[in-house]
Amino acid sequence: MHWLVAVVIAATVAACANMGTIEGGPRDVTPPVFLRSEPQPSATKVDNQRIDLFFDENVQLKDVSSKVVVSPAQSQMPVITANGKRVTVELKDSLIPNTTYTIDFADAIADLNEGNIYDGFAMDFATGDSIDSLRISGMVFEARNLEPAQNMLVGVHSNLDDSALTTLPLVRIAKTNQLGQFTVRGLKPGNYRVFAINDVNRDYKWDRSEDVAFYDVTVSPKVNNITVTDTLLDSEGKDSIDVHPGVEYLPNDILMTWFNQGYKAQYMASHARPDSAKITIEMAAPSDSLPVLTIIDGDRRTVIDETVSRLQASMTLDTLTYWITDPAIYSRDSLLIETRYLKTDTNDNLSWTNDTIYYNFRRPKQKKEKKKKDDNTDGTDSVPKIELLDISLKSISPQDVNRPLRFSVPVPLAGLDSTAFHLDMKQDSLWIPVTDLKFVPDTIYHPLDYKAEYAWVPGETYRLTIDSLAVTSIYGRWNKQITKEINVRPLEDYSSLIFNIPDTVGAPIIVELLASGDKVAGVAPVIGGKAVLPFLQPGTYYARAFIDRDSDGLWTTGDIASWRQPEDVFYYPKKINLKKNWDLEQTWNLFELPVDIQKPLEIKKNKPKKKDDDEKKNDDDDEEEDDWNTNFMPGSRYNDDFNRQRNRNRF
């Protein structure tokens, strides 16, 4: 034996003396191995608030505050440190008698050298004579785009009342890993409701402004004895089959999708008078009602309504601009305005409130114009410059056959003469009048944008002429004549896409065509099992669909008060390459693939990160994601149980 020690020492000295490049073997991809702990896992009658865990190699901790959770939830954050091969947890809260504790590290532990993550590691012990060992597992995704929910708090309530989520802290908790996977441990037998929240204020309860997900039905955790079959390599490198008993914790297929109800406290965030004739108001949250503005510092109270102003507003009525049309009002430097609007009160309810606000405007000093020597040679006054109204044509060139003509103006219009807009089509060398365009406001509350629908002939050239005085602003300015040629795209420049989607849900289905970054590039309903998207520019696209349960044509988020789930979303699993003059038809079975592998990796944002930024740049994303999907739950990636569960619970 002494000779072996000598050989090892000699080899070590020789290696230290060699200053050349060390030739290593295969890269280490093995995560740390847990060896033991003090107290031991599943120990009972524990009264020590310090836990030491030992691994087979030096380890590091990442994002401890956001990843590691302790059940029962702790009011004071535990102190968690790594030193060499040891991780130490010091609980600051007093231990509760007859309670099972679980320290869930999620994916916070990694080896020090390579950063290989030990995913799903948890340590439990009990202060009483027995330990609660049941557990449930599942996944959480963002409802709108199926992004894995990373580091989201998942927990259960044994109190099944609807109010428990907002009034009581979660009983047992865990955190999702980088794939949105979670396991809640240390459960007693019984019935539970399962939730996920991004617990911003760390009170382990849901507040209306926080993201939330809930499971549709109560769960009763249980454990089954099963037979596990593993394939091992024997001493000769051949496969051998090892069959041994094991356990299966159920349910292990819980699927939740988080949403945000969009709640914000309502109040007036800002107000301004950027111009003598403009008053702006920014509300802190969307609204379904408009404030009432009344001028109270003049000879009489004057309500700012359509008789003295034009309103420009966002679709959600939280950004408002009042264009004052009455010269007696906008000529005044100071306005005292009583503003009556809905505001969130101390009981978190909307109630009408009044604010009295000064809207002041400091007029810029007039610059004196220097007279030129050759001005006014005849002794007469110079002609004042007439300020014209600019019309900005918004239609791109070439013109798409399925798009309207659009223009915008800098201030609202008092009048628009449709007969002053002329469209001619070029035939040989002649311009043939085809129609008088009828422009209408783009939306009811946006008086600066106008559009005109027209059935364009593909590949033809048109000429748009806008006569002078075609439009007049609310301040009496008018436009000059405008002439512009418009080339319409030929049909061979386009592609079209058809999805054949079997109707298996009995509700409307809407397909959204996506450009990069989940940006919607087209929308089509499924009619007769087909979603048709014509007149598409060549390029790379993706697609998603949602079940339009309320038939409003829009994706609808969830609601906790009525326990309504957000509308279900599905991704077409492949990217779509479209070429000019090319029609593509694809069959899409929405429920064919598990939820966690539907969204193409190219547009997935929440990808696993298991190395430092400078190391992972050269890694292959596909391989890295595969690394993360091992040894988590039976089947690794979720199987069709999720699809069956989705159908069973939601439709």
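The first residue in the sequence is number 1, and the count goes up from there.
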Spacing of CG belonging to Leu293 relative to CZ belonging to Arg340, to within rounding of 0.5 Å: 12.5 Å
Over all atoms of both residues, closest heavy-atom pair of Asn145 and Lys599: O-NZ, 3.0 Å
All side chain to side chain contact (heavy atoms under 4.5 Å, CB included) counterparts of Arg363, not counting sequence neighbours: Ser276, Asp333, Phe361
Donor-acceptor pair, side chain of Gln266 and main chain of Leu342, under 3.5 angstrom: no
Lys343/Asp355 ion pair, N-O < 4.0 Å: no
Residue list, ring pair (Phe, Tyr, Trp, His ring centres under 6.0 Å) with Tyr450, at least two apart or on another chain: Phe407
Short side-chain to backbone donor-acceptor contact, Glu338 and Thr294, under 3.5 Å: no
Which residues share a side chain to side chain contact (heavy atoms under 4.5 Å, CB included) with Ser71, sequence neighbours left out: Thr102, Arg172, Ile173
Over 12 foreign heavy atoms within 6.0 Å of OH, Tyr358: no
Within residues 278-300 or reaching into it, pairs that qualify as ring pair (Phe, Tyr, Trp, His ring centres under 6.0 Å) - sequence neighbours excluded: none
Contacts of Ala545 that satisfy side chain to side chain contact (heavy atoms under 4.5 Å, CB included) - sequence neighbours left out: Ile509, Val511, Trp588, Leu590
For Arg310, side chain to side chain contact (heavy atoms under 4.5 Å, CB included) partners two or more places apart: Trp323, Thr325, Pro412, Pro447, Ile474
Ionic contact status for Asp449 with Arg406, cut-off 4.0 Å: no
Ring centre gap for Tyr359 and Tyr322 strictly below 6.0 Å: no
Lys/Arg-Asp/Glu bridge criterion (N-O < 4.0 Å) met for Glu512, Arg144: yes
Side-chain donor-acceptor contact under 3.5 Å, Asp63 with Ser66: no
Geometric cation-pi criterion Arg193 and Trp206, 6.0 Å radius, 45° cone: no
Salt-bridge present (Lys175, Asp104; N to O < 4.0 Å): no
